[in-house]
Amino acid sequence: MKTHNFSAGPCILPGQVFEEASKALLDFDNLGLSVIEISHRSKNFVAVMEEAVALVKELLNVPDTHEVIFLQGGASLQFAMVAYNYLTETGKAQYLDTGAWASKALKEAKGLGTAEAIASSKEANYNFIPKGYSIDPSADYFHCTSNNTIYGTQMKSFPETDVPVICDMSSDIFSRPVDVSKFDLIYAGAQKNLGPAGATLVIVRKDSLGKSGRYIPTMLKYTTHIEKESMFNTPPVFSVYVSMLTLRWLKEMGGVEAIAARNQAKADLLYGEIDRNPLFVGTAATEDRSNMNACFLLNDEAHKEAFDALWKEAKINGINGHRSVGGYRASMYNAMDLDSVQALVDCMKELEKQYA
Ligand SMILES: *Cc1c(COP(=O)(O)O)cnc(C)c1O
């Protein structure tokens, strides 16, 4: 019986990716060597990096104005890198405060200069995406978080502005089409929808760089990594390799449009049950619900023991909610099949049969 992995991150990846990656750990490209013991400058690994970059460009229709690089330090290091590379000494940055990750990003910018939240849903424990704010046209950049992994909210559209838009897409990149040309910089830690932890994907508009006017430590400067094609220093070879395999899988699946339709079907199935079943309630505002992370509560805590026993019996993993929201969080990233969501829905229906 298969384990249904709803973990928020690190998270599920396609089974065929795990199989191929495990073979490459023992013997890569018939070299008699592991993919993690060859030089990152060998032609075999350079080909992996090039294919990963090419697949990102193809799958997201990245325009020629933008570069694709793989870095380290997770999305969390991007919080600081963004500020170093875009925030001027006298200018200011504007952030949309939609959750813990967004506010951590803002904190790093405040550490370097002037930065502010232009709107926040903190008072409502981040259960919705603020709307109707206006971005100061003189701001150095506007920063937002497309999907709020912890609270289960997702931006369904992005503001139209002439200010550079920078977006943390860690938990929904490659889950739906996105118009890359509208963003000056997109970043995503790999471990939510792309690959194992260790690599961070950055897509950046070249001509937006070089304007902060401050000294930027070499490793924190995007141009360092663009000029060296993500090989300034040793890249996280295994994470990049597995990410490349996941991107190949995504292309085989029909690309981002096809996966978006699949993700919509999974989200519809689960939210449909949350709304129908009298024992459960969703925590996020309906119009802002995330197709990646669905957060919900039991209406009566007295049913917790019975429900937990049901999903454990069904071999469901990783649905305990984040401590700041409580209840349950079902993460349904690209690699998750509809039948795993159905298994969870079946547990919810079974609970209803027993108690409603
Ligand atoms: C997980 C997550 C992060 C943090 O990523 P790390 O790679 O662990 O630094 C940042 N932003 C979002 C939206 C996330 O989901």
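Owing to the predicted nature of the structure, the values given are computational and were not obtained by experimental measurement. The figures that follow rest on heavy atoms only: side chains count, while hydrogens, waters and symmetry mates do not. Residues: numbered from 1 along the sequence shown. Numbering of ligands and ligand atoms starts at 1, following listing order.
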Residues Asp184, Lys206: salt bridge by 4.0 Å N-O rule: no

Pairwise side-chain hydrogen bond (donor to acceptor under 3.5 Å, both in side chains) hits with a residue in residues 89-108, at least two apart: Lys92-Asp136, Gln94-Glu116, Tyr95-Tyr141, Asp97-Ser120, Asp97-Tyr126, Thr98-Asn148

Applying side-chain hydrogen bond (donor to acceptor under 3.5 Å, both in side chains) to Asn193 and Asp172, what does each step give before you reach the verdict? CA-CA 7 Å; Asn193 218 2; Asp172 68 353; over 6 Å; no

For ligand 1, the residues whose heavy atoms come within less than 4.0 Å (ordered by chain, then number): Gly74, Ala75, Ser76, Phe79, Trp101, Thr145, Asn147, Thr149, Asp168, Ser170, Ser171, Gln191, Lys192

Hey, are Lys353 and Glu350 close enough for a salt bridge, meaning a charged N less than 4.0 Å from a carboxylate O? yes

Can a side-chain donor-acceptor contact be found between Tyr355 and Asp300 if the only test is distance below 3.5 angstrom? no

Compare all side-chain heavy atoms of Phe70 with those of Val202 and state whether any distance is below 4.5 angstrom. no

